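Quick note on labels: first sequence line is chain A, next is B, and so on, each numbered from 1. What you see is a predicted model, and the numbers here were worked out from it, not measured in a lab. Scope of the values below: all heavy atoms of this structure, side chains included, with no hydrogens, waters or symmetry mates.
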2 protein chains.
Amino acid sequence: MNRRRSPATAGRAFVRDYLPYLLAQANHAVHQGFAPRLRAAGLASVEWRVLATLSGGHGLTIGELAAEVLAQQPTLTKLVHRMARAGLVERRGDDADGRRTLVFETARGRALVAPLLAAAKAHERTALAAFPAADVAALKAILRALGAAAPARAARAAAGPRRPSPRAGRASAA
Amino acid sequence: MNRRRSPATAGRAFVRDYLPYLLAQANHAVHQGFAPRLRAAGLASVEWRVLATLSGGHGLTIGELAAEVLAQQPTLTKLVHRMARAGLVERRGDDADGRRTLVFETARGRALVAPLLAAAKAHERTALAAFPAADVAALKAILRALGAAAPARAARAAAGPRRPSPRAGRASAA
DNA sequence: TTGCAACACATGAAGTTTCATATAATATGC
DNA sequence: GCATATTATATGAAACTTCATGTGTTGCAA
């Protein structure tokens, strides 16, 4: 008798209806379909997100970029250093504010990411092909609304006292 | 003149309509609302996912658990060792197959996670309160369908040749 | 002006994750 | 039975991320 093949446990039943889990699983699944393209380009998923976000040539500060790619600021600082050494991005001081570092894509980074942007759009169309356009639009609207809570919540959290804590971060994405 | 405050760049425009990004951002935002509870309990998000998945008492193999919590197998193996040392889970050999290790929650793990399961449900209700129930049901249905692609794709990928690659993983979740 | 608070990023140490591969057990074909 | 392929997990080394804090710059009130 194989007890592991018994009906889903309470735990599995819980996570199968729990929104964060469904979001993570959907994200993981969609990402897995695109991961081979990233591997072929020699990019980690967070590097891809950085280059995709910087695409178009305007620079972002370290802090802005960290927020955009859903990473902690030290993580982004170190990643940008690595990507700069690889020639994919360029760091510049901000004339307007000496505390800030601006990050720009380089020609090399742009060349690397341009075909990936096109492939990403095609991959998204494939992933969503089974759903009516109205459902996709509604899905994206709800996801945007859910995602919009983060900046507001972060602003409220920043106003409160900071306290040391066990790690509960790393909810980042592909 | 602050060029960083110009209209959104092409890159930001792209990621703001790109499904994986919207999924990740929504996941991140919803997770951030729950993260303080996890910190208070002394749990990292991946530990929480393990305990939530194991809740109900049936064991899972290392491989099954890795798939459920969207982590690589070595990651899960090491995490389970750490959690076993902390007394939160228990490892057992599988009589049916000597290669396998089964993982069960302990009484201590159960006591830690039970209030969090209740809090997680309450948090989810709060996160979704602004949306009609029909929209929430539709959202979850689409997310489940998107998430279901992963096991099928993994099975197909496993049939193909394996090749070394730069890291393109770590699309995991809270 | 000056002192101090707040902001932005950098960095060291520690923890976590991944890659590549080793080891052990099981399945399969002959 | 035996050899080989496959499966499942463990492990070392390396890479990546986070925490806590340091350093430098700007903003603001007196």
Side-chain angles (χ1 to χ4, degrees), chain A residues 4 35 38-39 42-47 49-50 59-67 69-86 91-103 154-155 158-159 161-174, chain B residues 2 4 35 38-39 42-47 49-50 60-67 69-86 91-103 154-155 158-159 161-174:
Chain A
R4 281 180 291 102
L38 296 181
R39 276 191 205 96
L43 287 177
S45 61
V46 65
E47 290 169 325
R49 290 175 68 90
V50 165
L60 293 171
T61 66
I62 291 281
E64 287 167 342
L65 197 48
V69 305
L70 308 175
Q72 303 282 349
Q73 174 262 314
T75 300
L76 219 287
T77 293
K78 300 186 196 237
L79 176 67
V80 163
H81 276 290
R82 295 200 299 277
M83 292 180 76
R85 287 199 294 273
R91 294 162 46 94
R92 299 182 200 164
D94 185 348
D95 289 340
D97 188 328
R99 294 172 292 186
R100 296 173 177 227
T101 297
L102 294 172
V103 188
R162 316 251 218 81
R163 48 172 65 93
S165 58
R167 303 166 187 275
R170 199 171 278 188
S172 57
Chain B
N2 192 335
R4 282 180 289 101
L38 295 182
R39 278 193 204 93
L43 286 178
S45 59
V46 66
E47 290 169 326
R49 290 174 67 92
V50 165
L60 293 172
T61 67
I62 292 281
E64 288 167 340
L65 197 48
V69 306
L70 309 175
Q72 302 281 350
Q73 172 263 315
T75 299
L76 220 289
T77 293
K78 299 186 197 235
L79 175 67
V80 163
H81 276 290
R82 295 200 300 277
M83 291 179 76
R85 287 200 294 273
R91 294 162 46 93
R92 298 181 200 165
D94 185 347
D95 290 339
D97 188 329
R99 294 172 291 185
R100 296 174 175 225
T101 296
L102 294 172
V103 188
R162 315 251 217 83
R163 46 171 68 95
S165 57
R167 303 166 187 276
R170 199 170 279 190
S172 58

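- What separates CG of A:Leu76 from C1' of D:dC19 is a distance of 16 Å, to the nearest Å.
- Here the C1' atom of nucleotide C:dC9 and the CG atom of A:Leu60 are 15 Å apart, to the nearest Å.
- Map A:Asp95 and A:Leu79 each onto its nearest nucleotide of DNA chain D; the residue landing nearer the 5' end is A:Leu79.
- OP1 or OP2 of D:dT9 has not a single side-chain nitrogen or oxygen of B:Thr77 nearer than 4.0 Å.
- A:Arg82 has a side-chain polar atom (N or O) that falls below the 4.0 Å cut-off from OP1 or OP2 of D:dC16.
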Short N/O separations, protein against nucleotides 23-25 of chain C, under 3.5 angstrom:
from	atom 1	to	atom 2	distance (Å)
C:dA25	O3'	B:Gly98	N	3.3

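- Contact check, A:Arg91 against C:dA10: a side-chain N or O comes under 4.0 Å of OP1 or OP2.
- OP1 and OP2 of C:dT18 both lie 4.0 Å or more from every side-chain N or O belonging to A:Arg39.
- The phosphate of C:dA8 has neither OP1 nor OP2 within less than 4.0 Å of any side-chain N or O from A:Thr61.
- Put simply, CD on B:Gln72 is 17 Å from P on D:dA15, counting in whole angstrom units.
- The two residues B:Arg49 and B:Val69 have their closest heavy-atom pair at NE-O, 3.6 Å.
- Distance, A:Lys78 NZ to C:dA8 C1': 16 Å, rounded to whole Å.
- One atom, CG of A:Leu102, and another, P of C:dA8, lie 12 Å apart when rounded to the nearest Å.
- One cannot find a donor-acceptor pair under 3.5 Å joining the base of C:dA8 and the side-chain atoms of A:Gln73.
- Rounded to an integer number of Å, the gap from CD1 of A:Ile62 to P of C:dT11 is 11 Å.
- As a whole-Å value, the separation of A:Leu43 CG from C:dT18 P is 18 Å.
- Interatomic distance, CD of A:Glu64 versus CD of A:Gln73, reported as 13.0 Å (0.5 Å rounding).
- The residue B:Thr101 sits close only to the backbone: its heavy atoms come under 4.0 Å of sugar-phosphate atoms, none of a base.
- Separating the CD1 atom in A:Ile62 from the NE2 atom in A:His81 is a distance of 7.0 Å, to the nearest 0.5 Å.
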Chi angles and distances behind the side chain to side chain contact (heavy atoms under 4.5 Å, CB included) call for A:Thr61, A:Thr101:
CA-CA 6 Å; A:Thr61 66; A:Thr101 297; over 6 Å; no
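- Taking each heavy atom of A:Gly42 and A:Glu47 in turn, the nearest pair found is O-OE1, 4.1 Å.
- In this structure, the separation between CZ on B:Arg82 and OG1 on B:Thr77 is 11.0 Å, given to the nearest 0.5 Å.
- One interatomic measurement links the two molecules: CZ of A:Arg92 to P of C:dC9, which rounds to 16 Å at whole-angstrom precision.
- For the atom pair B:Leu102 CG and B:Arg92 CZ, the distance stands at 8.0 Å (nearest 0.5 Å).
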